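Not measured: the values here are computed from a predicted model. Throughout, protein chains are lettered first and strands after them, A, B, ... in sequence-line order, and every chain is numbered starting at 1. What's counted below: heavy atoms across the whole structure, side chains too, no hydrogens, waters or symmetry copies.
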Protein chains: 2
Amino acid sequence: MTSVPTENETRQHICGVAVSLELIGGKWKGVILWHLCHKTLRFSQLRRRLPGVTQKMLTQQLRELERDNLVNRVVYAEVPPRVEYSLTTLGRSLEPTLRQLCSWGQAYHEDYRETSE
Amino acid sequence: MTSVPTENETRQHICGVAVSLELIGGKWKGVILWHLCHKTLRFSQLRRRLPGVTQKMLTQQLRELERDNLVNRVVYAEVPPRVEYSLTTLGRSLEPTLRQLCSWGQAYHEDYRETSE
DNA sequence: CCCAATAGTTTCTTTTTGGGTACTACCCCA
DNA sequence: TGGGGTAGTACCCAAAAAGAAACTATTGGG
C-alpha cells in the first residue's frame, strides 16, 4: 500500500501526495508546522519566527490549519490576550515528513546556491 | 543538523521546509514527481495520469522541474514526436519524502473523509 | 486530400493567494 | 490622559497560479 501507483492502478485512486500538499502547501503552512513541531508558540512568537508574514496571513493560515485538524488553538482569557498554538496528534504525525522536507531543502540550498548567486 | 530550530538559532538561517515547498509545492509538481518516481514517462502518458491537467500547465510545470534540476527531458527526433521525462539524481533523492507525503496523505484522506462527505 | 497522433505554444480569462493599511478591544503603567 | 503590548478584523488591491480554447508542425496512413 501507498506505493508508487502501477500502470494499471492509476484509475480513480486519490493521490496522497496531492492531499498532503493541499494541506501543507502554500507559502507559510509548512514552516508554521515546522516551528510548532519544536514547541507550542503564541501568536506573536510565531510571527517573529516568520520573517515577512503579515498578521492577516498568519491568522488566516493558522485558522486553516486548525480547521484541518493539524493545529490546536487555545485562548487564555488574560490581559494582554494570550493565544497558544500547538500541534494536534495528527499534526505531530507530520513531523517525520517535515523533518525530511527540511533536510532535503537545506541540502538543496547548499548544493544549488550557485544557480541563484 | 537539520533539526527543529531552537529558540536562539532562529536568525537568518534558511528554512529547508520553505525551500522544499517552493520546489515541489503547487498543484501539480509533487504528483508529477511521484509518478516519475515509478518510471520514465512521456508527455502524453503523464498527462493521462494527471486528471484535469491542461497541456499548458503540464508543460509549464515540467519546464520548471527541469530548470530546478529535478527532471530530465529527452527529446527523440521522431515523428510523431516523443519526449521522455525522468527523474534526475537529485529528483530521485526526493523519493523517500514523496513516499511519506503519499502515505500520510492517504491516511489523512481515509480518516478525514467524513469532514468533506 | 484529409485526418489522426504527439508535443507543444499563444492568448485570454478566472481564481486563488498574498499583502497593505487601518481599525478594534482590553488593561496596565506612567 | 495617552501610549504600549496582544491578538486579532475589515477592506481593498496586486500578483501569481491555474485554466479554457484555439493554434502550430510533422508525417504516416486511408
Could you tell me how far apart [X] ([atom1]) and [N] ([atom2]) are, to the nearest whole angstrom?
X: B:L41; N: C:dT6; atom1: CG; atom2: C1'; answer: 15 Å
X: B:R63; N: C:dG8; atom1: CZ; atom2: C1'; answer: 7 Å
X: A:Q60; N: C:dT16; atom1: CD; atom2: P; answer: 13 Å
X: B:R42; N: C:dT6; atom1: CZ; atom2: P; answer: 7 Å
X: B:R47; N: C:dT6; atom1: CZ; atom2: P; answer: 10 Å
X: B:L62; N: C:dA7; atom1: CG; atom2: P; answer: 11 Å

What pair of heavy atoms forms the shortest contact from [X] to [Y], and how long is it?
X: B:V17; Y: A:W34; value: CG2-CG, 3.7 Å
X: A:N72; Y: A:L87; value: OD1-O, 3.7 Å
X: A:L46; Y: A:L62; value: CD2-CD2, 4.0 Å
X: B:T40; Y: B:S86; value: OG1-CB, 3.3 Å

Taking [X] for its side chain and [Y] for its backbone only, find out whether a donor-acceptor pair lies under 3.5 Å.
X: B:R42; Y: B:P81; value: yes
X: B:T97; Y: A:L101; value: no
X: B:R49; Y: B:Q45; value: yes

Subject >> Along DNA chain C (nearest heavy atom to each residue), the more 5'-positioned of A:T54 and B:S44 >> reply: B:S44
Subject >> Contact residues, residues 19-31 of chain B to DNA chain D [heavy atom, < 4.0 Å] >> reply: B:G26, B:K27, B:W28
Original post:
With clusters built from Ile, Leu, Val, Met, Phe, Trp and Tyr whose side-chain heavy atoms come within less than 4.5 Å, directly or transitively, what are the remaining members of the cluster of B:V74, listed by chain and number?
Top reply: B:Y76
Original post:
B:V79: which other cluster members, linking ILVMFWY side chains closer than 4.5 Å, directly or transitively?
Top reply: none
Subject >> Contact residues, residues 72-88 of chain B to DNA chain C [heavy atom, < 4.0 Å] >> reply: B:R73, B:P80, B:P81, B:R82, B:V83, B:Y85
Original post:
What are the 5'-most and 3'-most nucleotides of DNA chain D lying under 4.0 Å from any heavy atom of chain B?
Top reply: D:dA18 to D:dT27
**OP:** Check side-chain contact (heavy atoms from CB on, under 4.5 Å) between B:V53 and all other residues, then give those that pass, not counting sequence neighbours.
**Re:** B:W28, B:R47, B:L50, B:M57, B:L58
Subject >> Test log, rule side chain to side chain contact (heavy atoms under 4.5 Å, CB included), inputs A:Q106 and B:V19 >> reply: CA-CA 7 Å; A:Q106 290 200 336; B:V19 173; over 6 Å; no
